[in-house]
Amino acid sequence: MCYTSTMQKIEILGIPIANITQAEALKYILDRLQKRTQTSVFTPGPEFLVRANKNARFHQILRKADILLPDGTGLILASFGKIHTRVIGADIVLALMEKLKGTEQKIGIVLPIVSLSSKETLTKSLREKFPNLNFKIYESRTPDITDRAPEDNLFQMMNTYAPDLVFVALGSPKQEYWINHARNILKNASIFIGVGGTFDYFTGVFPRAPLWMRKIGIEWLWRFSLEPKRFKRIYNAVIIFPYLVCKEKLQRSKKSKITSTKKMLLAGVIASVWFLSQQTLSAHSIQAQDETETNTNQETSEEDLPAQTEDDTSEEDEVLQDLNAKLEETVEEIELIEEKIDQLNKTIEIKQQEQLTLKSQLDVIDTSIQKTEKEIEIKEKEIELLELEIEELQQKILQKTEEIQLQKKYLAETLRTLYVKEDTTYLEVLLLHESFSDFFTEITYLEELEKETKNTLENIKNIKRELEEKKISVERKKSDVVQMKNSLTIRHEELQGEKKVKADILTQTALDEEKFQGLVEEVRKEQLSTDSEMRAIEQQVRERIAKIEEEKKKKDGEGEGDEDPLLEDDSDFGGPLALSWPIAGREITCGFDCADYPFRRYFKHSGMDIATPQGTKVSAAASGYVAIAKDGGATGYTYIMLVHGDGYATVYGHLSAIESSVYEKLETGRLVRKGEIIGRSGGTPGTPGAGRFSTGPHLHFELRENGIPINPVPFLP
């Protein structure tokens with residue numbers, strides 16, 4: 001069955017929903033996986049379509065998806081019988097993992113960095129349930145803004161693992177924006193599925209609705225009973241969605257006028273849904289009722305919905321609305337810049353395939369400069385975005401503080417009333433009332449007051465907890481701003497470095513092609529010489545270690561206990577390689593064999609460049625022995641090589657300084673411990689240790705296996 005051509009799709013509010021069964025959906029996904037056809041799978045419910053009705057970009061992303069599965073009873077009702085059955089996203093995920101266990105297919109799972117189900121909890125659950133499943137879990141630092149792209153580092157790690165299928169559990173609409181962006185970067189991945197909170201059910205941290213509730217399509221009621229804060233989503237699904245569907249149905253009617261009977265039916269439908277919702281929600285706490293009023297005011301402010309006066313919106317809400325508008329505008333600006341960067345990357349890739357000439361190299365450098373300028377622009381926008389998010393959080397903190405004061409005032413009034421009432425004995429209450437019925441009513445009233453007191457105290461606790469969480473979030477975002485500004489400074493220095501490289505090439509070649517080719521040949525020879533030197537010295541160190549180990553075994557056999565300092569005890573040398581990051585920063589500006597490396601046609605980029613200010617402390621990524629500590633002087637390349645067990649070695653390049661202890665350990669053959677400071681970073685063009693063609697302050701970090709450079713990312717935490 002060819003689903004792409006014959007699958008029936010039913011449009012609801014302009015969104016094409018697949019009319020498909022659970023079994024057909026599973027077969028569709030597995031077929032596309034086998035054929036390696038890149039496919040995005042979303043599982044929308046009614047609230048998705050309400051959001052898409054207000055957000056043009058989200059609407060466009062849903063329409064671009066390869067298949068939208070009807071994961072909501074509301075969609076079946078809205079199709080007026082055309083869609084016959086629900087396709088539950090959580091069940092699809094479990095069925096796919098069951099099908100793929102024991103196969104070579106790789107699964108990538110993307111979780112938010114803060115989630116109910118931690119990376120460790122989910123890993124344990126998956127290994128217990130699917131012991132032969134080939135999967136890897138990643139944590140995305142995708143911020144609160146829904147359509148801001150995740151970090152490039154995450155994509156680089158995922159491209160290294162090369163998953164065939166990716167489950168994205170960031171919640172809607174973050175996961176849909178993430179997938180829309182990632183499918184152009186994760187080229188190996190065939191299937192992308194937005195799975196929301198599916199894994200929270202799977203790990204058991206959030207109980208799933210009973211089967212009978214799932215069958216009749218009222219899971220939303222179960223979720224709401226556990227999470228009253230979901231009221232806004234429930235309101236969108238149960239109230240706004242039916243309203244929009246009925247409105248669209250009438251607008252599409254061939255007749256421009258509708259009869260009074262139809263009007264009455266429409267009003268009856270809306271009134272019935274509203275009444276059912278109110279009956280369902282009335283059993284919840286005062287807090288939920290307060291949230292109901294707030295969210296109702298916010299949602300029904302659209303001009304198409306029943307009339308509402310401007311006075312209903314508080315000044316604080318207007319401030320938040322303005323901030324949200326600015327946030328969305330900034331996000332759209334970032335996305336436009338990212339599209340430009342993608343175009344520049346493609347241009348660099350095309351230029352890299354051309355014959356190496358002076359003109360083509362200058363073109364690559366010019367394009368790289370443009371790309372860096374755009375990356376600087378993105379950093380500035382991201383800082384602006386974070387500052388807006390901080391302002392938004394501070395506004396919410398102000399609201400929560402006021403809410404606490406109101407709750408405290410209400411609590412004080414309730415306690416005063418309760419004190420006055422409880423100061424009267426039951427006998428006095430009985431004597432003061434003419435009938436037992438009145439006495440009973442008074443006693444019941446006292447009990448209700450006590451309940452209200454407990455509810456109010458619980459409300460205050462909850463609001464205070466939310467307040468503390470928001471304050472922590474503000475501090476975290478302020479820290480992010482500082483880091484982002486540091487990164488921006490480095491980017492500016494990189495831009496100047498790239499311009500200096502271009503100027504140096506022009507100076508050394510005087511626009512003469514022959515001189516340029518001579519320069520290229522000189523650079524290649526220098527690179528080959530450095531590489532040969534590393535391999536030769538590494539081999540010598542390994543032979544020496546092996547010889548000493550052999551002599552030590554003989555001495556141990558003869559009862560002699562003398563130990564060579566080269567083989568110190570209590571080290572992790574020789575064990576499984578587990579690298580730590582050599583500097584605190586983790587922003588990779590050019591990865592292993594990166595396609596946009598400006599000098600790729602001279603030689604491949606043998607490591608990865610980690611952005612960091614000049615003079616940052618560099619530490620050993622693993623315990624090892626110093627094989628090389630070469631000071632390149634004012635104009636040469638300064639670097640350190642450490643030799644580890646199992647044939648591995650690490651290289652730390654573009655250093656501005658080498659620690660004196662490294663030279664001592666090079667001479668004495670003593671071990672450098674993991675985390676020990678070995679030097680200072682450099683890389684700024686023209687400074688000591690930077691060497692030829694460095695384009696900015698960074699650390700060049702390299703991992704070698706048996707003398708051959710390999711990608712270090714999979715070995716890093």
Problem - Check ion pair E377-K340 (N to O, under 4.0 angstrom) - result: no

Practice task
Working to the nearest 0.5 Å, report the span between OG1 of T530 and CZ of R535.
Solution key: 12.5 Å

Practice task
Take atom CD of E543 as the centre, draw a 6.0 Å sphere, and report whether it contains more than 12 heavy atoms from other residues, nucleotides or ligands.
Solution key: yes

Handout entry: Salt-bridge contact E676-K665 (side-chain N to carboxylate O under 4.0 Å)
Key = yes

Problem - Inter-residue atom distance M608.CE - H698.NE2, 0.5 Å rounding - result: 11.5 Å

Problem - Test: K106 cationic atom under 6.0 Å from F135 six-membered ring centre, within 45° of axis - result: no

Handout entry: Student check: side-chain heavy atoms of F192 and F167 closer than 4.5 Å
Key = no

Problem - Side-chain heavy atoms of I545 within contact of Y625, under 4.5 Å - result: yes

Practice task
Side-chain contact test, heavy atoms from C-beta onward, threshold under 4.5 Å: evaluate it for E493 versus P697 and give yes or no.
Solution key: yes

Problem - Check: H605 side chain, C594 main-chain N or O, donor-acceptor pair, under 3.5 Å - result: no

Exercise for the section: Run the salt-bridge test on D531 and R704 with the 4.0 Å N-O cut-off and return the result as yes or no. Expected result: yes

Exercise for the section: Please confirm whether the backbone N or O of G683 pairs with a side-chain atom of T687, one donor and one acceptor, at under 3.5 Å? Expected result: no

Practice task
Would you confirm whether N711, through its side chain, and V713, through its main-chain N or O, come within 3.5 Å as a donor-acceptor pair?
Solution key: yes

Exercise for the section: Any chance you could measure I369, atom CD1, to L362, atom CG, to the nearest 0.5 Å? Expected result: 9.5 Å

Handout entry: Main-chain N/O of I191 paired to T39 side chain as donor or acceptor, under 3.5 Å
Key = no

Handout entry: Ion pair check, K379 and E375, cut-off under 4.0 Å
Key = no

Problem - Beyond-backbone contact of I337 with K381, side-chain heavy atoms, under 4.5 angstrom - result: yes

Exercise for the section: Evaluate the ring planes of Y637 and H654, with Trp represented by its six-membered ring, and classify them as parallel (under 30°), tilted (30 to 60°) or perpendicular (over 60°). Expected result: perpendicular

Practice task
Check whether any side-chain heavy atom of N159 lies under 4.5 Å from a side-chain heavy atom of L186, and answer yes or no.
Solution key: yes

Handout entry: Aromatic plane relationship, F701 with Y652 - under 30° parallel, 30 to 60° tilted, over 60° perpendicular
Key = tilted

Problem - Heavy-atom pair with the smallest gap, counting every atom of A620 and V672 - result: CB-CG1, 3.8 Å

Problem - salt bridge (charged side-chain N to carboxylate O under 4.0 Å, His left out) between E533 and K630, worked out - result: CA-CA 11 Å; E533 181 183 20; K630 185 172 183 177; 3.7 Å; yes

Exercise for the section: Answer yes or no: is there a donor N or O on one side and an acceptor on the other, between the side chain of S368 and the main chain of V364, under 3.5 Å? Expected result: no

Exercise for the section: Keeping the roles fixed (side chain from Q508, backbone from L519), state whether a donor-acceptor pair exists under 3.5 Å. Expected result: no

Problem - Under-4.0 Å salt bridge between K346 and D342 - result: no

Exercise for the section: State, with a plain yes or no, whether a side-chain heavy atom of S40 is found less than 4.5 Å away from one of K64. Expected result: no

Handout entry: Close side-chain approach of I710 and F715, heavy atoms under 4.5 Å
Key = yes

Practice task
Under the salt bridge (charged side-chain N to carboxylate O under 4.0 Å, His left out) rule, what do D366 and K499 come out as? Steps first, then yes or no, please.
Solution key: CA-CA 8 Å; D366 281 337; K499 290 179 178 178; over 6 Å; no

Handout entry: Any donor-acceptor N/O pair, Q517 side chain to L356 backbone, under 3.5 Å
Key = yes

Practice task
Using a strict cut-off of less than 4.0 Å between a Lys/Arg side-chain nitrogen and an Asp/Glu carboxylate oxygen, indicate whether R680 and E659 qualify as a salt bridge.
Solution key: yes

Handout entry: Any side-chain donor near an acceptor of the partner, E702 and S606, under 3.5 Å
Key = yes

Fill in the blank from the handout: Output for pair (Q353 CD, E349 CD), nearest 0.5 Å, gives 6.0 Å

Exercise for the section: Answer yes or no: is there a donor N or O on one side and an acceptor on the other, between the side chain of D609 and the main chain of T589, under 3.5 Å? Expected result: no

